[in-house]
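To start, the structure itself, in structure tokens.
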Amino acid sequence: VEALLALEGCRCTSLGTQTPVVDIARAAIAQPVDIVALSFSPCLSAGQVTGGLAQLRALLPERTEIWAGGSS
């Protein structure tokens with residue numbers, strides 16, 4: 001997805017795997033960004049994913065979109 005977005009002119013910053021939610025929010029606020037895109041592996045439960053997304057939503061400005069995907 002990052003490669004496709006870059007081809008469309010988006011500036012992408014990869015934070016790597018297993019980045020804590022608080023660090024994701026701090027990076028998004030510091031940039032500032034329009035979208036935070038996340039991919040979840042099947043090793044995470046639905047509860048972990050929804051809990052993390054809720055925490056992230058609470059930390060980010062309202063204007064910042066969250067895109068979530070993956071096989072979890």
Side-chain angles (χ1 to χ4, degrees):
V1 171
E2 183 178 349
L4 293 173
L5 290 171
L7 286 172
E8 292 299 319
C10 298
R11 186 172 56 96
C12 300
T13 302
S14 177
L15 299 179
T17 61
Q18 298 181 350
T19 304
V21 172
V22 173
D23 291 344
I24 294 170
R26 285 182 184 150
I29 292 167
Q31 291 299 315
V33 302
D34 298 315
I35 300 163
V36 172
L38 306 163
S39 179
F40 296 96
S41 73
C43 68
L44 293 174
S45 70
Q48 289 173 303
V49 172
T50 56
L53 288 172
Q55 181 185 8
L56 184 60
R57 177 72 279 156
L59 294 170
L60 290 175
E62 246 183 71
R63 64 169 178 73
T64 305
E65 292 186 31
I66 300 172
W67 293 0
S71 57
S72 176

Exercise. Which pair of heavy atoms, one from L15 and one from T19, lies closest together, and at what distance?
Worked result: O-OG1, 2.9 Å
Exercise. Partners of R57 by salt bridge (Lys or Arg N to Asp or Glu O under 4.0 Å), sequence neighbours excluded?
Worked result: none
Exercise. Given I35 and I66, is the side chain to side chain contact (heavy atoms under 4.5 Å, CB included) satisfied, shown in steps?
Worked result: CA-CA 6 Å; I35 300 163; I66 300 172; over 6 Å; no
Which pairs of donor and acceptor atoms, one on a side chain in residues 21-30, lie under 3.5 Å apart (sequence neighbours left out)?
none

Problem set entry | For the student: nearest non-hydrogen atoms of P42 and S71, plus distance | CD-OG, 3.0 Å
For this session: Supply the atom-to-atom distance S41 OG to Q18 CD, rounded to the nearest 0.5 angstrom.
Result: 8.5 Å
Exercise. Under the side chain to side chain donor-acceptor pair (under 3.5 Å) rule, what pairs show up with a residue in residues 44-56, not counting sequence neighbours?
Worked result: S45-Q48
I'd like a table of donor-acceptor pairs (distance under 3.5 Å, sequence neighbours excluded) in which one partner is a side-chain atom from residues 5-13, with atom names and distances.
residue: R11; atom: NH1; partner: Q31; partner atom: OE1; Å: 3.4

Exercise. Restricting to pairs with a member in residues 58-71, which pass salt bridge (charged side-chain N to carboxylate O under 4.0 Å, His left out), not counting sequence neighbours?
Worked result: none
Exercise. With a 4.5 Å heavy-atom cut-off, do L38 and L56 have their side chains touching?
Worked result: yes
